[in-house]
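Note that the structure is predicted; figures quoted are calculated from it, not measured. When reading the values below, keep in mind they use all heavy atoms of this one structure, side chains included, and skip hydrogens, waters and symmetry mates.
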Amino acid sequence: EMPPVPKISYPGEEQALHAVKNMEAMHKGSKKLKPTWWPWGAGMFATSLGPHDACFVLAANHEKGSGYMINWWIPAALQKELIESTKINECKNG
C-alpha cells in the first residue's frame, strides 16, 4: 500500500493526472486501470516563513524527520517566489 501523498501542488497535479487517465480508460470500457505511485517531487517543500523568509526541504517522505533543509532565509524566499510566479504564469497559459 502506498503511504499518504503530501497535499501540495505538484503531487496533487500528478495524482489528478493518474485519476483522469483511469477515468478515461473506464469511459472506454476498460477494466484495467493504471496503478498510481509516489509522485516525483512529492518530497520537495518550499515553505514560507514570512515575507522575506522561507525554507526548502528536499527528499522528504512519509516518515517523520525525513528530508534535508537545503535552502533557507532570503534565497529560499526568492526560490518560493519564483516557483509561485512561474506556476501562476503556467496556469494563465503563459
Side-chain angles (χ1 to χ4, degrees):
E1 183 172 309
M2 186 172 82
V5 176
K7 291 165 181 58
I8 55 177
S9 60
Y10 178 79
E13 290 177 19
E14 184 81 9
Q15 294 283 270
L17 178 63
H18 298 175
V20 166
K21 292 296 184 185
N22 281 334
M23 289 170 58
E24 288 173 344
M26 289 169 43
H27 182 71
K28 293 177 182 174
S30 175
K31 294 188 184 221
K32 186 172 188 286
L33 303 179
K34 290 186 158 212
T36 191
W37 57 88
W38 182 272
W40 179 92
M44 296 187 290
F45 299 87
T47 304
S48 179
L49 302 172
H52 306 292
D53 197 4
C55 65
F56 185 73
V57 175
L58 183 65
N61 60 37
H62 65 284
E63 295 178 13
K64 184 177 180 178
S66 65
Y68 303 94
M69 186 166 66
I70 60 166
N71 199 359
W72 56 91
W73 196 46
I74 291 175
L78 293 171
Q79 178 183 15
K80 187 170 182 355
E81 181 65 30
L82 177 66
I83 292 167
E84 288 174 356
S85 63
T86 55
K87 186 63 189 169
I88 289 169
N89 187 48
E90 177 189 10
C91 291
K92 291 180 178 178
N93 295 319

With sequence neighbours left out, which residue pairs that include part of residues 47-56 fulfil the side chain to side chain donor-acceptor pair (under 3.5 Å) condition? none

Holding to side-chain hydrogen bond (donor to acceptor under 3.5 Å, both in side chains), I want the full list of residues that pass it with E81, two or more places apart in sequence or in another chain. none

So how far is it from Y10 OH to M44 CE, rounded to the nearest 0.5 Å? 8.0 Å

Does anything in residues 56-65 form a side chain to side chain donor-acceptor pair (under 3.5 Å)? List the pairs, not counting sequence neighbours. N61-S66

Return the minimal non-hydrogen interatomic distance between P75 and W72, and the atom names on each side. CD-O, 3.3 Å

Fellow cluster residues of M23, listed by chain then number, with links counted only when side-chain atoms sit under 4.5 Å apart: none

Those residues that, when tested against W37, pass ring-ring contact (aromatic ring centres under 6.0 Å, His included) (two or more places apart): H18

Which pairs pass salt bridge (charged side-chain N to carboxylate O under 4.0 Å, His left out) with one or both residues in residues 11-20, sequence neighbours excluded? E13-K87

Filter on salt bridge (charged side-chain N to carboxylate O under 4.0 Å, His left out), then keep only pairs touching residues 37-49, sequence neighbours left out; what's left? none

What's the spacing between Q15 CD and T36 OG1 if we round to 0.5 Å? 3.5 Å

side-chain hydrogen bond (donor to acceptor under 3.5 Å, both in side chains) filter on Y68, not counting sequence neighbours, yields none

Tell me whether L82 shares a hydrophobic cluster with F56, the cluster being built from Ile, Leu, Val, Met, Phe, Trp, Tyr side chains joined at under 4.5 Å. no

By side chain to side chain contact (heavy atoms under 4.5 Å, CB included), L17 pairs with (sequence neighbours left out) K21

side-chain contact (heavy atoms from CB on, under 4.5 Å) evaluation trace for N71 with C55: CA-CA 6 Å; N71 199 359; C55 65; over 6 Å; no

Heavy-atom pair of closest approach, residues P11 and A42: CG-CA, 3.5 Å

Residues clustering with M2 (ILVMFWY side chains joined when closer than 4.5 Å, directly or via others): V5, W38

Quick one: which residue pairs count as a salt bridge (charged side-chain N to carboxylate O under 4.0 Å, His left out) with a foot in residues 69-80, not counting sequence neighbours? K80-E84

